[in-house]
Structure formats: C-alpha cells, structure tokens
Amino acid sequence: MSKAYQLGWMALWGIVVFLAAVVVPFAQGPADNPYRPVKGLADGGGPSVPGGEWAKLPGGREMGPPASVHVDVDGESIWAFIRCDETSPVPAARGGRFGLDCMYPDGRLKPHDTIYKFDPKGSVVKSFGAQMFIWPHGMYVDREGNVWVTDAAAEDAVATAAKAGVKAGHIVRKFSPDGKVLMTLGEPGVAGNDEYHFRSPAGVVTAPNGDIFVADGHGSNNRIVKYSKDGKFIKAWGKTGYAPGEFRTAHCIGMDKRGRLFVCDRSNTRIQIFDQEGKHLATWHQFGMPSGLAFSVNDEDLIYVFDSESDNVDNPGFDQGIRIGDALNGWVKYFILDQGGNPRTQTGSGAELPWINTAMCSEESLAHGSFGSTLKSGEPTGVVGRNCPMPHRIAKSIGIVLMILLLSAAAFTQQGARGRGAPPPGPPHDPHDLSGIWLGRAAGALNNPPPSFTPAGKAAFDANKPSFGPRAVAPAFGNDPLGGANPPGIPRALISHATKLQFIQLPDKMVQLVEWNRVWREIWTNGRRLPADPDLAWYGYSTGRWEGNEFVVDTIGLDPRAWVDEEGTPKTDAARVQERYHRIDRDNLELTIIVTDPKMYTKPIGTGVKFMWRLQPDTPTGNFIEDIFAPMDEESFNKRVRNPAGGVR
C-alpha cells in the first residue's frame, strides 16, 4: 500500500470542481471549508478508471493506479509513481494481480515507465523507471528535485520474478530529475533485515542535512533505517510489536519543520514521533489508521493524515478519510470523509499517499485541472484543492472523489501520560457523572509493555492460537474461544469490542452496557467488598468506588477460559482486573486497564495502555444497534470467509 511525505514552499494550482462545504473546527465557530475534491490523475469519469480528463499517458496507454504523487520543486509540476497498467483490485491471493502490478504472470517485468512528471495541464513531460519495479509504492522528491521511490513487492512476488531471472523488489532508489539512477539502497530481489537489505520498504524521506530515513515496514521488518546522505548505514530502530518504538506496518515516514520524524504505525492505529536519533517523543492515536501524512510549513502549522483503512472491522469508531490537525500538539481540526468508505466492510479505499504545498492563486491556476481519485486498486491517488486566497492544496491518494463532511473531529490522546496530543479542556461537566453513550475504538491487545510471563504463562500463551494479531491463524487451525461465539469476558470485551458503551448510574450500582454482543455488567457501588471465594463467571464480580475524579472498578472471579484480549493473552482464576475511568472533560473519557495474575505474569500487564471514548449526542450515531454475535452466524462466516482466506477449504 502506498505512502506519504511532507511538503515544501511550492505552488500547486487550485482546481474548482465542487463548491466548498462548511466545516466546523473543534472549539471554533463555523467557517468556510477551504478543502474540496477535484478530478484528474486517478479519476477517469468513474470509480474504477484511472487516468481521465486531466492526466493521460502518451499513446492512449491505460494508466494503472498511481501509488504516490509528489509536487516538484518547481511548485507547478507533479510527479506520480504509477503501477503500470494493471487495474484489478483483486489481491493476488484471490486470483488477481494487485501487488504484482508491473509484473507479468510469468515473472517478467512490463516494459512501461513507472515514474511520470506532469505539467499543470496534465501533459507528460518526462517519464522513466521501466522494468525496475514490481510494485511501486512510496515516493519523495527532495529539496534538490531528486526523486526517491520504494518497491514494496511482497516476497512471493519477488520469488516469482526471480524464476524469470528478474531481480526486483526490496529496494529504495534515488533518481535525478532526468531519470538517472543516483543511488540504490537494498539489493534488488534480496530480502533481509541487516544494514543494507530491506523487506518490502514502504517509504523514504530525507533530512535537511541529507540523512536518509527508510520506513522498512510493509513486510515483516517493521523498523526505521537511517543512512548518511551518501548511503552509509548509521543506525536502525524498531521491531514488530506494540510498545513505543515498535511497529505493526510502518507504512509511511515524514519529517516536520522541527525535524521530528513521524511514522505511520498503521496496524497499531497510531502515529509515532521520534527525533532523528530514534528517541521516542510521542504517540498519537487520534488520526485513525494512518497510511500517509504530510505537513504545511506556513504559520498554520498543520499535519494532514490520510486514513485509508478504518472501518468497523479494523478500527471501529473511525471513518476513512483525511484528518487535518495541529502539527505541534496533534489536535484534529478538520475531517474530509472518504465517501467510498463503508464502515461495515474492509474496503481500504481511502486516502494513502499525500503531498501538500503552499499555493499561489491566479486566474490561470484556477483554470487548470488537477488530480482526482479512483477505487481501482484500493491504492488510488488524487488531490483535494483549496479555494483562493487560502494557502493550501493537497495531493493525496484517495479511493473516490471526496465530498466534505461537516464534522468536529474527535481527537484521542496518545498512549502513555496525557499532555502532548491530549484534548484541550472542554465545557463544564460533573467528573463523577459517566452517564451517556461513549464512542471509542477497539485496541485489540493489552501488551504495552509486552507481558512478562511466568513459565506457566508463557506455555499458556504459546498454546493459544488466535485469529487476530501478529500470531493469527485461520479459525480452523485456532482455538480462540470467541470462534465458537463464547462471551469475550472481562477485560476483552472492553479492550477489543467496546467501540460503543454506556453507563447507567443507580443508587447502589453502576450498570455498564457494551453494544457488541449486548454485554451488560453490574458494578456494585454500595460499599460491598469483593467476595473471598466467588463463583467463576465470564464477566466476574465487580465493585466500584470513586478515588478523587477516577471511578475505580475491581473485578475478580473471572472464568479463565476467556482470554485477556484477542491475541491470546491468557489468564487464570487468580486474575484481578482493575479499570480506572477518568472523565477528562465533558466529551472525553479515559480508561486504563491493569491485569494482575501471579500465575501467568511476574508483574501486572497493561500499564502503558490508555483507551479513549468520546461522548455521543442523542443522534443515530449515539444509539445502540443490535450487534449480536450468534454461533450460527459465526460458523457460517468462518466457513465462507475466514477459513478460505487462511487457505482452509
């Protein structure tokens, strides 16, 4: 999947295709929405026809999905990294060509250029890069106008090419503006995780001093690799995981004007921020599942984050689209909805690779066409323009032509202590009143920092075969109790499934409702003590109390057959779960969950994870629906979808 990078002081022509809608920034009054969708590079009059009115390839050649776009240093031209002429959205695993776009089925590479430069009228003025890449992915144009690109082909695709005698994939290449190869990082066709090998690198960016940073994260490496400007290895950091400095799909990398490195840790639904030596500075969860990002460099100091994946399966509580926020503190100001995204399905149609620039206004600029969008491969590219005299244009990958959504975007704090990236104070509220319906997101696991197992705990963990996370197997090979439609229990119901929950406060207890599977709990608040020898139950026995402005819930008597989370983290009948709810302001609720189980762990787990929910108004989005997890439905779904996807027939 394709990626993003930052911007520079350059001009990108404005294109008026749709009237601007109205957006309501958080903590601001209504204002004219400066962003609007346009047609062009990836929109040919339909959601699955790349190319079109504005940008066409010479000779009428069919255009494959643009993996990435980037504004040239001249401020007018656009570079595009195009996936040859393959337009099938079907992954190779299902009989399609997605992921193998520039390779014939026999492994030979197609004789098509992949790197194109378009002038403001959409005419190709330069092209190169034929028979060099299997799956074009990330693109970055540096301060001298050199073009950097990555080949994120998967290892099976690289192996297919090797059978035809072709060495391609696993590389980063630097071209001069005229197409001369200036540098190759990695070895074509050879995967690795040492100093000079990659595994499906996703993105690249350079620092003002020329240092090179590669997001080696579309395969299994999940790391950031740093080189000097002449390509000498300096250092690397990161691995697969959930803790700060660990990644699950390091899908893009960008640098802001302060020199901070921002990494799209997509499957962990967060952005991680580092200094140039790899020191972790912050983690932001409020931007959805980031596939790409970019920055403004003017006084607005904005970050643009492109979420191509969020839905009710992968990231409940978030929609696909573009979130625009404060680049220093991360507060979300605007949201552009991907109208092609369906929260009930894993469409993957949303924005992926952006480029943003300052723009100059003129009558001539407004007359030009510009980039648009497509649903072609799930990796399309486009541009959203901004009305003059507003200073920005956005070049980005997006699934279909976007409409603007009237939205005050919710921002969730980073993992760890509040502060940088935390919501600003909201309206007055009673901190001891948790009533209402709260919308959040599923986190999946409680493994930050990673659990410290006892020998018995490690054996139990290894014996669990989950259907989610990095150890996932097909349900036919797994033993997840949820696969038989058993209750998730506590704390899994809160960690993995409570995308919408409600509190009902009564004189003697708090009733907690979870929309998914109609879960309800009694949390006694009348001074009861936890029983000495409770009967085991899926949701245990819970008591609650107020400690200052935190509502503290202790739960024991939990059925050990239910896992702690969806990734197979085990527990025993000795487990004790403590939840701490803190209403930060009227609209934002924070939760920490700590699990203590001396039979499984040498110390409590979950100490580094925070969960966030946002208060929902009495609207259709604030009501519960019947989201029942029925055994007959689950069995049917496994047979039709999950097992075949895992190779089980």
Side-chain angles (χ1 to χ4, degrees), residues 193 220-223 236-248 250 265 267-270 272 274 278-283 285 413-418 442-473 478-482 488-496 530 536 540 550 552-580 590-611:
N193 60 0
S220 58
N221 282 350
N222 279 316
R223 61 178 183 158
W237 69 88
K239 63 180 180 178
T240 301
Y242 303 85
E246 299 177 353
F247 310 97
R248 292 196 305 150
D265 187 6
S267 293
N268 279 332
T269 65
R270 65 189 184 183
Q272 293 199 62
F274 303 89
K279 178 184 177 181
H280 179 265
L281 302 176
T283 299
H285 281 283
T413 58
Q414 64 193 53
Q415 283 191 6
R418 293 188 305 278
L446 196 70
N447 49 14
N448 180 17
S452 176
F453 292 106
T454 65
K458 184 62 167 60
F461 179 72
D462 291 342
N464 290 341
K465 306 297 180 185
S467 298
F468 304 92
R471 302 191 306 136
V473 300
N479 57 5
D480 188 339
L482 212 66
I490 292 294
R492 182 172 179 177
L494 298 172
I495 295 170
S496 303
L530 292 170
L536 299 182
E550 287 191 335
V552 182
V553 181
D554 290 303
T555 303
I556 62 172
L558 291 161
D559 194 315
R561 293 175 296 177
W563 294 349
V564 168
D565 55 31
E566 65 182 24
E567 296 191 0
T569 307
K571 70 175 187 289
T572 69
D573 56 5
R576 183 186 184 111
V577 176
Q578 185 172 92
E579 307 150 52
R580 287 183 172 268
E590 178 184 82
L591 167 65
T592 58
I593 300 175
I594 307 297
V595 177
T596 303
D597 189 339
K599 295 182 180 179
M600 295 282 103
Y601 311 103
T602 61
K603 57 184 178 181
I605 62 173
T607 55
V609 180
K610 289 187 183 295
F611 305 90

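Keep in mind that the numbers below use all heavy atoms, side chains included, and drop hydrogens, waters and symmetry copies. Keep in mind it's a predicted model, so treat the numbers as computed, not measured.
Two residues are said to be in side-chain contact when any heavy atoms from C-beta on lie closer than 4.5 Å; P560 and L536 meet this criterion. Under the 4.5 Å side-chain criterion, counting only non-hydrogen atoms from C-beta, S267 is not in contact with Y242. You'll find the side chain of L530 reaches within 4.5 Å of the side chain of R576, heavy atoms only. At a threshold of 4.5 Å between non-hydrogen side-chain atoms, the residues I593 and V609 do not count as touching. For the pair P491/D565, no side-chain contact is recorded, criterion being any heavy-atom separation below 4.5 Å from C-beta on.
Note that CD of E246 and NZ of K239 are 4.5 Å apart. Values are rounded to the nearest 0.5 Å. The OG1 atom of T596 lies 13.5 Å from the NZ atom of K571; values are rounded to the nearest 0.5 Å. Going from atom CD of E579 over to atom CD1 of I594 covers 11.0 Å, rounded to the nearest 0.5 Å. One distance of note links OG1 of T569 with CD1 of I495; it measures 8.0 Å at 0.5 Å rounding. In this structure, CD1 in I556 is found 12.5 Å from CD in Q578, a value given to the nearest 0.5 Å. To the nearest 0.5 Å, atom CD of residue E567 and atom CG of residue D480 are 11.0 Å apart.
Results of the ring pair (Phe, Tyr, Trp, His ring centres under 6.0 Å) test with H280 over W237, F274, F247 single out F274 as the only residue that passes.
Here the side chain of R492 pairs no donor or acceptor atom with the backbone of L482 at under 3.5 angstrom. Using a distance-only test at 3.5 Å, with no hydrogens or angles considered, a donor-acceptor pair links the side chain of D597 to the main chain of T572. A donor-acceptor pair is defined here as one N or O able to donate and one able to accept, closer than 3.5 Å; such a pair exists between the side chain of N479 and the backbone of K465.
Across every non-hydrogen atom of S452 and T602, the tightest pair is OG-OG1, 2.5 Å. Minimum interatomic distance between W563 and G568 (heavy atoms only, all atoms of both residues): CE3-CA, 3.3 Å. When all heavy atoms of T454 and K599 are compared, the closest pair comes out as OG1-O, 2.8 Å. Of all the heavy atoms in H285 and T269, the pair that sits closest is ND1-O, 2.8 Å.
Contacts of A493 classified as side chain to side chain contact (heavy atoms under 4.5 Å, CB included), with partners at least two apart in sequence or in another chain: P488, I490, Y539.
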